[in-house]
Visitor: 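Structure in structure tokens, see below.
Keep in mind that the numbers below use all heavy atoms, side chains included, and drop hydrogens, waters and symmetry copies. Residues take their numbers from the sequence shown, with the count starting at 1. Note that the structure is a prediction, hence the values are computed from the model and not measured.
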Amino acid sequence: MKLSFEIALAAVGALTLLTAATGASAQTPWQHHHPRRVEVNHRLANQDRRIHAERREGEITGRQAHALHMEDRGLRGQERYFASRHNGHLTRAEKHRLNREENGVSGQIGR
């Protein structure tokens, strides 16, 4: 009886380990932290800081800051949409497209 309990316990442990291993492989850090996504999102965060700084310094109005934030929000939505189509990463062309659009917003900050 003790031997069958140990076998059953070992089987449950093996099954638990197998289940955990398959779950971990489905969600890799690469999907959430792909270098192209990190670059685009870092740049969006930097632009957000710049917009806040320019608004604090009086270089842009509240309305201009709001409009710039809305443009950045649209770019972030595009980034998420692109990533959803490619298992959590951006293609090179998508990254270049987003960077061009970020350049347009960046040029409007602090003019």
Visitor: I'd like to check H52 versus H69 (side-chain heavy atoms, cut-off strictly below 4.5 Å). Are they in contact?
Guide: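 SC-SC contact between H52 and H69 confirmed.
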
Visitor: Please round to the nearest 0.5 Å and tell me the distance separating atom CZ of R97 and atom CZ of F82.
Guide: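 Between R97 CZ and F82 CZ, I get 4.0 Å after rounding to 0.5 Å.
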
Visitor: To the nearest 0.5 Å, tell me how far R73 CZ sits from D48 CG.
Guide: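 One finds 9.5 Å between CZ of R73 and CG of D48.
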
Visitor: Keeping Q64 on the side-chain end and T61 on the backbone end, is there a donor-acceptor pair under 3.5 Å?
Guide: yes

Visitor: I'd like to know if E94 pairs up with R85 as an ion pair, taking the criterion as any Lys NZ or Arg NE/NH1/NH2 lying under 4.0 Å from an Asp or Glu carboxylate oxygen.
Guide: yes

Visitor: Testing the 3.5 Å rule here: is there a donor-acceptor pair between the side chains of N99 and R36?
Guide: no

Visitor: Shared ILVMFWY cluster between V105 and Y81, side chains joined below 4.5 angstrom?
Guide: yes

Visitor: Yes or no on side chain to side chain contact (heavy atoms under 4.5 Å, CB included) for R43 and V40, after CA distance, side-chain angles and deciding distance?
Guide: CA-CA 5 Å; R43 189 157 177 213; V40 168; 5.9 Å; no

Visitor: Supply the atom-to-atom distance E54 CD to I109 CD1, rounded to the nearest 0.5 angstrom.
Guide: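 Answer rounded to 0.5 Å: 7.5 Å.
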
Visitor: For the backbone of L98 and the side chain of E101, can you confirm whether one donor and one acceptor N or O come within less than 3.5 Å of each other?
Guide: no

Visitor: To the nearest 0.5 Å, what is the distance between CG (L44) and CD (E102)?
Guide: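 The CG atom of L44 sits 4.0 Å away from the CD atom of E102.
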
Visitor: Is a side-chain donor or acceptor of R55 paired with a backbone partner of A65 at a separation under 3.5 angstrom?
Guide: no

Visitor: Just how far is it from atom CZ of R37 to atom NE2 of H86, taken to the nearest 0.5 Å?
Guide: 11.5 Å

Visitor: Give the C-alpha distance, both sets of side-chain angles, the deciding distance and a yes or no for side chain to side chain contact (heavy atoms under 4.5 Å, CB included) between E71 and Q108.
Guide: CA-CA 11 Å; E71 287 186 58; Q108 298 175 46; 3.3 Å; yes

Visitor: Heavy-atom distance under 4.5 Å between the side chains of R50 and S106, does that happen here?
Guide: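 They are in contact (side-chain heavy atoms under 4.5 Å apart), so the answer is yes.
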
Visitor: After noting the C-alpha distance and the side-chain angles of N41 and R80, does the key distance pass the side chain to side chain donor-acceptor pair (under 3.5 Å) rule?
Guide: CA-CA 10 Å; N41 287 324; R80 287 180 181 151; over 6 Å; no

Visitor: Say you draw a straight line from CD of Q47 to CZ of R76; how long is it, rounded to the nearest 0.5 Å?
Guide: 10.0 Å

